[in-house]
Amino acid sequence: MKIAVLLTTYNRKEKTVACLQSLRTQKLPAGTRLEVFLTDDASADGTATEVKKVYPDAHVYHGTGSLYWAGGMRATWRQAIKHNPDYYLLLNDDTLLNENAIDILLKNCESGAQTPAICIGSTCDNHSGEISYGGWKLEAKGRWKSSRIHSTNSFMECDFGNANIMLVPHTVVEKIGILADHFTHSLADYDYTLKAKKAGFKVQVAPGFLGSCIDDHGNNWKSSNTTLKERIQYLKSPKGLAYKEYLRFIKDHFPLSYPSA
């Protein structure tokens with residue numbers, strides 16, 4: 001069994017190396033092989049060079065410096081598809097995996113269930129111990145309102161999730177493809193898992209925490225201490241709300257929450 005591990009990086013050399021080292025410690029089922037695919041988006045801190053030192057077998061690709069998260073992950077995924085793996089593991093480069101993380105995800109995916117499932121691993125904040133990323137459940141059909149779900153002892157069905165740790169079977173990719181082109185940075189993982197549900201696949205979140213990762217998203221808006229121009233620019237920027245992309249996301253999945261004229 002071959003698992004393609006997908007990452008994108010930008011100027012986070014120490015965190016990326018730590019993430020790959022946690023990948024090295026995985027206790028995998030017999031016959032399971034990991035193959036790392038990573039796009040470095042023109043990092044100035046030597047990330048790509050360091051990756052090859054600590055993980056010589058990694059396939060390292062190079063971006064232009066303007067890919068952001070979704071663009072970098074798409075670039076990586078397109079390369080990995082050529083190698084025809086059984087699974088794709090989407091992994092944030094600032095995530096540290098527990099040694100049994102992939103084994104837990106695989107056991108659920110390989111459980112013999114008739115419907116293939118995307119399996120999400122929750123992460124905890126390194127400092128607070130609180131959940132930082134994972135799975136979410138919608139509270140109302142057609143509306144963009146949700147709450148986080150998490151269990152300590154069993155897999156739970158969810159509606160969408162974060163791709164900090166996300167295992168995707170190749171059958172899902174064959175049917176719905178990879179992350180949508182119209183997302184620059186965020187929302188692409190939410191969109192992908194929602195599309196998978198609509199296509200008849202399951203989306204599940206694993207019990208407990210499968211790794212650690214600090215929630216560094218922050219606000220998607222600027223405070224009133226900044227100028228109106230700065231606030232509007234940030235609202236439209238990829239690392240802000242990415243307003244046009246956000247509206248398309250709402251229109252595609254939550255028409256009842258789409259703002260009316």
Side-chain angles (χ1 to χ4, degrees), residues 1-63 67-70 72-77 79-80 83 85-109 118-134 161-168 189 205-217:
M1 182 189 300
K2 183 166 66 177
I3 301 174
V5 183
L6 315 182
L7 302 101
T8 186
T9 62
Y10 181 69
N11 285 338
R12 296 203 293 195
K13 179 172 63 176
E14 290 79 12
K15 289 183 177 182
T16 301
V17 167
C19 174
L20 292 174
Q21 287 172 337
S22 76
L23 199 62
R24 284 282 194 202
T25 67
Q26 291 300 295
K27 294 183 176 179
L28 300 170
T32 303
R33 181 165 64 93
L34 303 180
E35 195 166 359
V36 174
F37 298 83
L38 181 149
T39 297
D40 180 66
D41 198 21
S43 295
D45 65 351
T47 297
T49 301
E50 198 64 28
V51 165
K52 292 299 286 185
K53 287 180 181 178
V54 300
Y55 220 111
D57 296 334
H59 302 273
V60 178
Y61 310 99
H62 301 275
L67 291 176
Y68 293 94
W69 180 81
M73 291 299 284
R74 281 193 298 271
T76 302
W77 209 332
Q79 295 291 343
H83 294 250
D86 300 289
Y87 291 94
Y88 300 89
L89 177 67
L90 280 68
L91 183 62
N92 259 36
D93 68 327
D94 59 346
T95 298
L96 299 178
L97 292 170
N98 297 346
E99 63 182 12
N100 62 344
I102 295 176
D103 183 46
I104 289 173
L105 293 172
L106 275 177
K107 282 180 178 176
N108 188 66
C109 284
I118 292 176
C119 293
I120 295 166
S122 299
T123 61
C124 65
D125 187 289
N126 310 54
H127 302 305
S128 68
E130 298 294 323
I131 187 168
S132 50
Y133 298 100
N162 300 111
N164 296 65
I165 306 173
M166 180 187 288
L167 189 66
V168 182
D189 47 358
V205 58
F209 294 119
L210 300 193
S212 59
C213 183
I214 295 174
D215 184 350
D216 60 357
H217 278 183

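Heavy-atom basis, side chains included; hydrogens, waters and symmetry copies ignored.
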### Query
To the nearest 0.5 Å, what is the distance between CD1 (Ile3) and CG (Leu28)?
6.5 Å
### Query
When rounded to the nearest 0.5 angstrom, what is the spacing between CE in Met73 and CG in Asp189?
9.0 Å
### Message
If the condition is salt bridge (Lys or Arg N to Asp or Glu O under 4.0 Å), which residues does Asp93 pass it with, not counting sequence neighbours?
### Response
Arg12
List the atom pairs, with distances to 0.1 Å, where a side-chain N or O of residues 52-59 and a protein N or O form a donor-acceptor pair under 3.5 Å, not counting sequence neighbours.
| from | atom 1 | to | atom 2 | distance (Å) |
| --- | --- | --- | --- | --- |
| Lys52 | NZ | Pro56 | O | 2.9 |
| Lys52 | NZ | Ala58 | O | 2.7 |
| His59 | NE2 | Glu35 | OE2 | 2.7 |

### Message
Using only atom types and a distance under 3.5 Å, with no angle test, would you say the side chain of Asp125 pairs donor to acceptor with the backbone of Glu130?
### Response
no
### Task
Output the distance between atom CG (Asn162) and atom CG (Leu90), rounded to the nearest 0.5 Å.
11.5 Å
### Task
Taking side-chain hydrogen bond (donor to acceptor under 3.5 Å, both in side chains) as the test, write out the residues that go with Asn164, two or more places apart.
none
#### Entry: Ala44 versus Asn11, closest heavy-atom pair with distance
N-OD1, 2.6 Å
### Query
Excluding sequence neighbours, so at least two apart, what forms side-chain hydrogen bond (donor to acceptor under 3.5 Å, both in side chains) with Gln79?
Lys82
### Task
Evaluate the side-chain contact (heavy atoms from CB on, under 4.5 Å) criterion for residues Glu50 and Thr16: first the C-alpha distance (whole Å), next the side-chain angles of each, then the deciding distance (0.1 Å), finally the verdict.
CA-CA 9 Å; Glu50 198 64 28; Thr16 301; over 6 Å; no
### Task
Please check if the side chain of Thr123 supplies one atom and the backbone of Tyr133 the other of a donor-acceptor pair under 3.5 Å.
yes
### Task
For residues Leu91 and Ile165, report the shortest heavy-atom separation together with the two atoms involved.
CD1-CG1, 4.2 Å
#### Entry: Gap separating the CG atom of Leu89 from the CG atom of Leu7, nearest 0.5 angstrom
8.0 Å
### Task
Name all residues meeting the salt bridge (Lys or Arg N to Asp or Glu O under 4.0 Å) criterion together with Asp103; count only those two or more places apart in sequence or in a different chain, and write none if there are none.
Lys107
#### Entry: Test item: Ser132 side-chain N/O and Asp215 main-chain N/O as donor-acceptor pair under 3.5 Å
no
#### Entry: Atom pair CE/OG1 of Met1 and Thr32 - distance to nearest 0.5 Å
5.0 Å
#### Entry: Under 3.5 Å donor-acceptor, Asp86 side chain and Lys2 backbone
yes
### Query
Do the side chain of Asn98 and the main chain of Phe209 share a donor and acceptor less than 3.5 angstrom apart?
yes
### Verdict with reasoning, Thr8 to Thr39, per side-chain hydrogen bond (donor to acceptor under 3.5 Å, both in side chains)
CA-CA 5 Å; Thr8 186; Thr39 297; 5.3 Å; no
### All side chain to side chain contact (heavy atoms under 4.5 Å, CB included) counterparts of Ala4, not counting sequence neighbours
Leu6, Phe37, Ala80, Pro85, Tyr88
### Query
Shortest non-hydrogen contact from Thr9 to Ser43?
O-OG, 3.9 Å
### Summary
Tightest non-hydrogen contact, residues Glu99 and Thr25, listed as CB-O, 3.6 Å
### Query
What's the shortest heavy-atom distance between Tyr87 and Cys109, and which atoms?
OH-CB, 3.6 Å
### Message
Run Asn92 and Trp69 through side-chain hydrogen bond (donor to acceptor under 3.5 Å, both in side chains) and show every step you take.
### Response
CA-CA 9 Å; Asn92 259 36; Trp69 180 81; 3.2 Å; yes
### Straight-line distance of Leu20 CG to Leu96 CG, nearest 0.5 Å
10.5 Å
### Message
Tell me the closest heavy-atom pair linking Thr95 and Ser22, and the distance in Å.
### Response
O-OG, 4.1 Å
### Task
Please answer whether the main-chain N or O of Lys13 pairs with a side-chain N or O of Asp45 as donor and acceptor at a distance below 3.5 Å.
yes
